[in-house]
Structure formats: structure tokens, C-alpha cells
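First up is the structure itself, then whatever we jot down about it.
Keep in mind that what you see is a predicted model, and the values were worked out from it rather than measured.
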Amino acid sequence: MTFNYSQNQNIYKLIEEQFSYLQNLNTYQSKNSADIRDEAIQFTFQTMKHWFQYKVPKWLAVMNEIQKFICAERRWRSGSYIYYASLIENDFLRENLAILMEYGVPSSAIRKLEKYIPQNLSQDNVFSYIKDYSLYTKQEFLDYERNKIMENL
């Protein structure tokens, strides 16, 4: 699931893959599609919150340290899993926008903001930029998303 999400960065696709998987299991043959879809949605969101935003990045960090240690002992050049772990933990958002997630702005809103905020803008200036250009007033934001952005300005 982690690899699939990193390739597509689309939660809907993960839900559909989980739905297809569950639908083909013998234990789910007697359930209706709506119940199976509900279970696929719940499983996918739990996976994202528990595994993608916490466990997988931590495991990758541990694996990174182990491989660095082994490579150093054998005098090999080591790789690094830290960048990938950071991407997973931050829902594959641009580095300068990760600060928004830390302040509780939903990733759906961040993805909408992404096209308006320069890539080279530092994290420290993101909120100021949003405020200065009144990006939160864009029509595409849901009221909930707009409110979450405005809470931090």
C-alpha cells in the first residue's frame, strides 16, 4: 500500500484497491457492496493515519540507521531512506508546505494551496504568503478548509 500510494498519491485509488481485494475474499461474498466499500474506506484511512504517518516512517528511519552501520563496517557507501520516510510521513506534500499539516490544515486544502505558493518559498513565510495574497478566499476551498487555514493566520 505504501508503494502504491507513493506512486499515485491518491487515496481514492487505495480505497478502490482495498475494495477489490476484499470483494474477492470468500469471507466477504455474503456482504453487500456498500458494506465492503465502507470497510475498505475505514481500513484505508486507518492505514494512512497509523502506518503512513507514524509506523512506516519510523521503521524506515531504523532501517536507515542499520544499513548505515553495516555499510560503514564494510566500508561501503550507504544509501538513505530518510527522504522517502519524510515524504510518507508528510503525505507526499512539498517540503515547504509540510508546516501547514503540522498546524492542522487538511491535506485536501494544502493540495489546493500548492499551485498558488512558490516552491522556493521558505516554510517560515508560507502563512504570511497565504495571508498577504488572501489565498484562503479562493472559491475552491470548502468552508471547513478555509476555517482551518484562517485559524493559523
Side-chain angles (χ1 to χ4, degrees), residues 1-25 28 31-68 78-153:
M1 276 185 87
T2 305
F3 178 76
N4 289 348
Y5 189 60
S6 71
Q7 294 297 306
N8 303 309
Q9 297 174 20
N10 184 332
I11 191 166
Y12 179 75
K13 193 161 179 73
L14 285 181
I15 292 168
E16 287 305 307
E17 288 171 358
Q18 184 64 21
F19 174 71
S20 294
Y21 171 75
L22 293 175
Q23 214 173 20
N24 290 320
L25 293 177
Y28 286 85
K31 290 189 176 188
N32 66 41
S33 289
D35 290 341
I36 297 171
R37 186 166 308 280
D38 286 346
E39 195 163 324
I41 291 168
Q42 182 178 1
F43 177 81
T44 303
F45 276 101
Q46 285 175 337
T47 299
M48 287 191 70
K49 184 166 180 65
H50 183 72
W51 291 98
F52 293 177
Q53 294 176 355
Y54 181 71
K55 293 255 185 199
V56 172
K58 302 305 178 230
W59 287 348
L60 285 172
V62 169
M63 286 179 53
N64 186 65
E65 292 306 311
I66 292 170
Q67 64 92 27
K68 276 176 48 180
S78 65
S80 177
Y81 299 106
I82 298 303
Y83 179 71
Y84 188 60
S86 176
L87 285 175
I88 294 169
E89 189 171 26
N90 293 312
D91 200 19
F92 297 93
L93 296 170
R94 278 194 342 229
E95 190 176 327
N96 66 335
L97 301 180
I99 189 84
L100 297 171
M101 184 173 267
E102 291 176 24
Y103 280 89
V105 176
S107 60
S108 59
I110 298 170
R111 294 204 188 284
K112 292 173 187 175
L113 285 167
E114 190 171 34
K115 62 186 165 200
Y116 301 111
I117 299 173
Q119 286 185 358
N120 61 350
L121 185 69
S122 75
Q123 269 192 347
D124 297 337
N125 296 322
V126 168
F127 282 111
S128 299
Y129 190 89
I130 293 169
K131 185 177 181 180
D132 292 346
Y133 290 92
S134 301
L135 296 181
Y136 53 88
T137 63
K138 301 282 185 191
Q139 295 263 336
E140 62 201 276
F141 292 108
L142 301 172
D143 287 339
Y144 170 76
E145 294 170 332
R146 187 174 292 107
N147 291 337
K148 292 304 270 182
I149 294 168
M150 290 171 48
E151 281 176 13
N152 295 291
L153 297 180

* **K148 and E145 ion-paired at < 4.0 Å** =>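 Salt bridge flag = no for E145 with K148.
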> Salt-bridged, K115 to E140, with N to O below 4.0 Å?
Replying inline: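 Result for this pair is yes, salt bridge flagged.
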Over all atoms of both residues, closest heavy-atom pair of [X] and [Y]:
X	Y	value
A109	I149	CB-CD1, 4.2 Å
P118	Y129	CD-CZ, 3.5 Å
L93	M101	CD1-CE, 3.8 Å
Q18	T44	CB-OG1, 3.9 Å
F127	L153	O-CD2, 3.5 Å
S78	K68	OG-CG, 3.6 Å

Would you say that N152 contacts E102 through its side chain, given a criterion of any heavy-atom pair below 4.5 Å between the two side chains?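 Heavy-atom side-chain distance check fails, nothing below 4.5 Å.
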_V126 side chain near L113 side chain, heavy-atom distance below 4.5 Å_ =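 Not touching, per the 4.5 Å side-chain cut-off.
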Next item on the list: Go through the steps to decide whether Q119 and N96 satisfy the test side chain to side chain donor-acceptor pair (under 3.5 Å), and finish with yes or no.
Entry: CA-CA 7 Å; Q119 286 185 358; N96 66 335; over 6 Å; no
[atom1] of [X] to [atom2] of [Y]: how many Å apart, nearest 0.5 Å?
X	Y	atom1	atom2	value
F43	F19	CZ	CZ	15.5 Å
I36	N24	CD1	CG	9.0 Å
Y133	S128	OH	OG	11.5 Å
I41	L14	CD1	CG	12.0 Å
F52	F45	CZ	CZ	12.0 Å
I88	K58	CD1	NZ	11.5 Å

Between [X] (side chain) and [Y] (backbone), is there a donor-acceptor pair under 3.5 Å?
X	Y	answer
N125	L121	no
N32	D35	yes
Q123	E95	yes
S20	E17	no
R94	I117	yes

From CA spacing to verdict: side chain to side chain contact (heavy atoms under 4.5 Å, CB included), D91, I110 = CA-CA 10 Å; D91 200 19; I110 298 170; over 6 Å; no
- prompt: Picking from V56, N64, T2, what satisfies side chain to side chain contact (heavy atoms under 4.5 Å, CB included) with Y84?
  reply: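 Answer after filtering V56, N64, T2: T2.
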Are there more than 12 heavy atoms of other residues, nucleotides or ligands under 6.0 Å from atom [atom1] of [X]?
X	atom1	value
K131	NZ	no
Y81	OH	no
E114	CD	yes

| Honestly, is K138 close enough over Y116, meaning NZ or CZ under 6.0 Å from the six-membered ring centre and within 45° of the axis? |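 Judged by the rule (NZ or CZ under 6.0 Å from the ring centre, within 45° of its axis), K138 counts as positioned above Y116.
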Face-on cation placement of R146 at F141 ring, 6.0 Å and 45° thresholds: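 Because its charged atom misses either the 6.0 Å distance or the 45° angle limit, R146 does not stack over F141.
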Practice item. Would you please say whether a donor-acceptor pair under 3.5 Å links the side chains of Y28 and E39? Key: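 A pair is found: one side chain offers a donor N or O, the other an acceptor, under 3.5 Å apart.
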**Request:** Anything under 30° is parallel, anything over 60° is perpendicular, the rest tilted; go ahead and classify Y5 against F92.
**Result:**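 Perpendicular: the ring planes of Y5 and F92 meet at over 60°.
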